[in-house]
Amino acid sequence: MGEPGRDVVEELCRAGVVRGDLVGLAVAPGVGLGMATTTGKMSVARSIEDLSVVVRLVEDALRPRWVLWSNDTAATLLRAGVQIATCWDIAAVHRLLFGRWRADPALVWAQLQHLALGTIPTAAPADLFGDVGRGDGDPDDPIRPDGHLRPEWSDGGWCATPERLRRWAELAARVAVLQQARLGELGDGPRVASTARSESAAELLCVEMSVDGLPVDRAVAEGIIAGFIGRRPRTEAEAAYQRARRDAEVLRHAPPGVEVDLRSPGQVKSLLSRIGVEVPDTRAWRLRTLQEAHPLIEALLVWRKAERVATTFGYGWLDEHLGADGRLRGVWTGSDGAAGRMTASGGLHNMPAEMRGAVVAEPGHAFVRADLGQIEPRVLAAISRDNQLARATAEDDMYAPVAAQLGVDRATAKVAMLGAMYGQTTGHGLRALRRLEAAYPVAMRHLADAARSGQAGRDLRTYGGRLIILGPVNTAEVGTHEDRGAAAARGRYGRNALVQGAAAELFKTWAATVRARGTRLAARIVLCLHDELLVHVPIEHSDAVARLLDDCLQEAGHRWVPDDSVRFVADIGVFERWSDAKQEVRPNRDPDIS
DNA sequence: TGCGGCTATTG
DNA sequence: CACAATAGCCGCAG
């Protein structure tokens, strides 16, 4: 009798499992684990406290592609101290194949088995007669006689016993094979399969980022907040006083005696009217154009900024999301319900730029930051297979050749290109837009086709195979004014979803490659921001990781566009704090220039 | 109490 | 104010 779990490794070897093969896995702390091959040749149940021992042994010896029902399993493993290298995330692949957010086992199974979705059973509130399973098949079989998953299993019953864990792992392995078959039916086989793998890796990354957190220096963060709203209030009364003082700074510019709640847009609008400023709304960009009209307006804009910090990114935010270990944590999601970009809660994705000064590498560490340059037009060239546009991607700044081609200046070319991808129909860029159609007809037709599908409520698939659900179209209002507006909105959505979705897929392929290759350099991805990666590394490896980030981009790009006709570029640098990666400090947004 | 509207922040 | 997201507060309906 050797090390516990060694027998499992031997059994897997005997079953013919080699590195990278799918192996179903189900774990439950305190219960045990189940493991199963896709061939059905081998499955085991283990009743153990420390399930991490067995998983780690198999991981080190065979490094399988673990089939998980969702990244909850990866989170359980990580909490138990085991980080797995690769997986097949059934929920993530389901979202890719079928769109929408819901991806619980019952739905996954029903869609793969072509069962009517309306017949998916829901868990009985508690069996009235206490005869669970009578006349209903074997309660220890996850599948009911009618073909559906047993709801009491999907609702948590799968982890009741080690034997159930084994069968749950067997079913996971079987589901992965069914998913692979479905992906194969989509056409672009290799690329879609590759997307499924990188989407799965992104789920592992999300779990790791949620657990690791982003390094933030609390003292620096509090200093930045104090610069906007003052010292941390000690009491509720002090907080109220600070709030009143901020309000007074604005109201002293108002006619005497007015009572206005600055937090109410309607009341602010009335206030502006009182001082002779009529506006349809009170958004900052509009007020900024009227800043000269009255001193109250500038005071109001300053107030708005402070109010944002006070309510959303202030001391309360730190208390809620910044741990004692100096890590800011939010929940990461591998793909939103729409085009498939990653999302994060806890303000990680919309932190005001001023706060980036508090994102500081830990002692002995540095950040390697990289952001993709002009990712959307480059992706458009790839997904539309527009050779002319692809040629432009050879340049570091692809808007330069596009501008030359159109006979307009760079800024106009850029606005026109973005307008084409977002579905802009108004404004001054329309002439340039028509030139764009003439110069790059393949790409523009690709966008127009997507827009037409969207308008009609027809679903779309991204370059990597993600189903973009449109509709349902409200048939009651077809032809009405509201419907034309809604149809136009769906058109813009469909047009953009193919670009944004494909960009998200390329980004995740890149991130997954960095995650895998960076392990030996102890590099940890701590932030993903749509086209930007922030990697926390031991300082002695920072240059190597910087090179790695570009290598991985080229590798991801090649896997994505095998003929290498489209070039992808990244701006890469090593920094102690995030804010040191200057995005070009410009008075008013829009960096670009890679 | 829930939800749509408005606002601000990010890519 | 074109595409996407998270998040807070206000005002109103139930």
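A, B, ... follow the sequence lines: proteins, then strands. Residue 1 opens every chain.
- Rounded to whole Å, atom P of B:dC6 lies 14 Å from atom CH2 of A:Trp285.
- Applying a 4.0 Å cut-off to non-hydrogen atoms, the residues of residues 523-531 of chain A that approach DNA chain B are A:Leu529, A:His530, A:Asp531, listed by residue number.
- An OP1 or OP2 oxygen of B:dT9 is reached within less than 4.0 angstrom by no side-chain nitrogen or oxygen of A:Arg308.
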Check: residues 439-447 of chain A side-chain donor-acceptor pairs under 3.5 Å, at least two apart:
none

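- For the pair A:Asn350 CG and B:dA8 P, the interatomic distance rounds to 14 Å; values are reported in whole Å.
- Legend: salt bridge (Lys or Arg N to Asp or Glu O under 4.0 Å) pairs involving residues 422-436 of chain A, not counting sequence neighbours: none detected.
- A:Tyr493 comes within 4.0 angstrom of the backbone, heavy atoms only, and of no base.
- Contact annotation: the side chain of A:Asp89 never approaches that of A:Glu199 to less than 4.5 Å [non-hydrogen atoms, C-beta and beyond].
- Within the 4.0 angstrom heavy-atom criterion, no nucleotide atom of any strand lies near A:Ala497.
- Counting to the nearest Å, the P atom of B:dA8 and the CZ atom of A:Arg286 are 11 Å from each other.
- Counting any heavy atom pair closer than 4.0 Å across all strands shown, A:Arg304 reaches sugar-phosphate atoms only and no base atom.
- If you take CD of A:Gln374 and P of B:dG11, they are 16 Å apart, rounded to a whole angstrom.
- Note on A:Gly346: only backbone sugar-phosphate atoms sit closer than 4.0 angstrom, heavy atoms only; bases stay farther off.
- Smallest separation of non-hydrogen atoms from A:Val250 and A:Leu296: O-CD1, 3.8 Å.
- Side-chain atoms of A:Glu505 and A:Ser198 form no donor-acceptor pair, as typed in the model, at a separation below 3.5 Å.
- Shown for residues 258-284 of chain A: residues whose heavy atoms fall under 4.0 angstrom of DNA chain B, namely A:Pro265, A:Asp281, A:Thr282, A:Arg283, A:Ala284.
- Taking a heavy-atom distance under 4.0 Å as the criterion, the stretch of DNA chain C touched by chain A extends 5' to 3' from C:dC1 to C:dG11.
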Walk me through whether A:Tyr463 and A:Trp560 qualify under ring pair (Phe, Tyr, Trp, His ring centres under 6.0 Å). CA-CA 9 Å; A:Tyr463 186 73; A:Trp560 219 60; 4.6 Å; yes
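- Residue A:Gly423 is the one, among A:His321 and A:Gly423, whose nearest nucleotide of DNA chain C lies closer to the 5' end (criterion: closest heavy atom).
- Position along DNA chain C of the nearest nucleotide to A:Thr311 versus A:Gly419 favours A:Gly419 as the more 5'-ward residue.
- Protein atom CH2 of A:Trp317 is 14 Å distant from nucleotide atom C1' of B:dA8, rounded to whole Å.
- Here the side chains of A:Met209 and A:Met342 are in contact, with some heavy-atom distance below 4.5 Å.
- Heavy atoms from other residues, nucleotides or ligands lying under 6.0 Å from CZ of A:Arg218 number more than 12.
- Between C:dA2 and B:dG4, the two C1' atoms lie 22 Å apart (nearest whole Å).
- Residue-level contact check: A:Arg341 touches the bases, meaning some heavy atom is under 4.0 Å from a base atom.
- With 3.5 Å as the limit, one finds no donor-acceptor pair spanning the side chains of A:Thr513 and A:Glu555.
- Under the 3.5 Å distance criterion, with hydrogens and angles disregarded, no donor-acceptor pair is assigned to the side chains of A:Asp483 and A:Thr480.
- Pairs engaging residues 266-305 of chain A under the ring pair (Phe, Tyr, Trp, His ring centres under 6.0 Å) rule: none recorded [sequence neighbours left out].
- Judged by distance alone, the side chain of A:Arg95 and the main-chain N or O of A:Trp101 form a donor-acceptor pair under 3.5 Å.
- Residue contacts shown for A:Met351 are limited to sugar-phosphate atoms, with no base heavy atom under 4.0 Å away.
- One atom, CG of A:Asp336, and another, P of B:dG11, lie 17 Å apart when rounded to the nearest Å.
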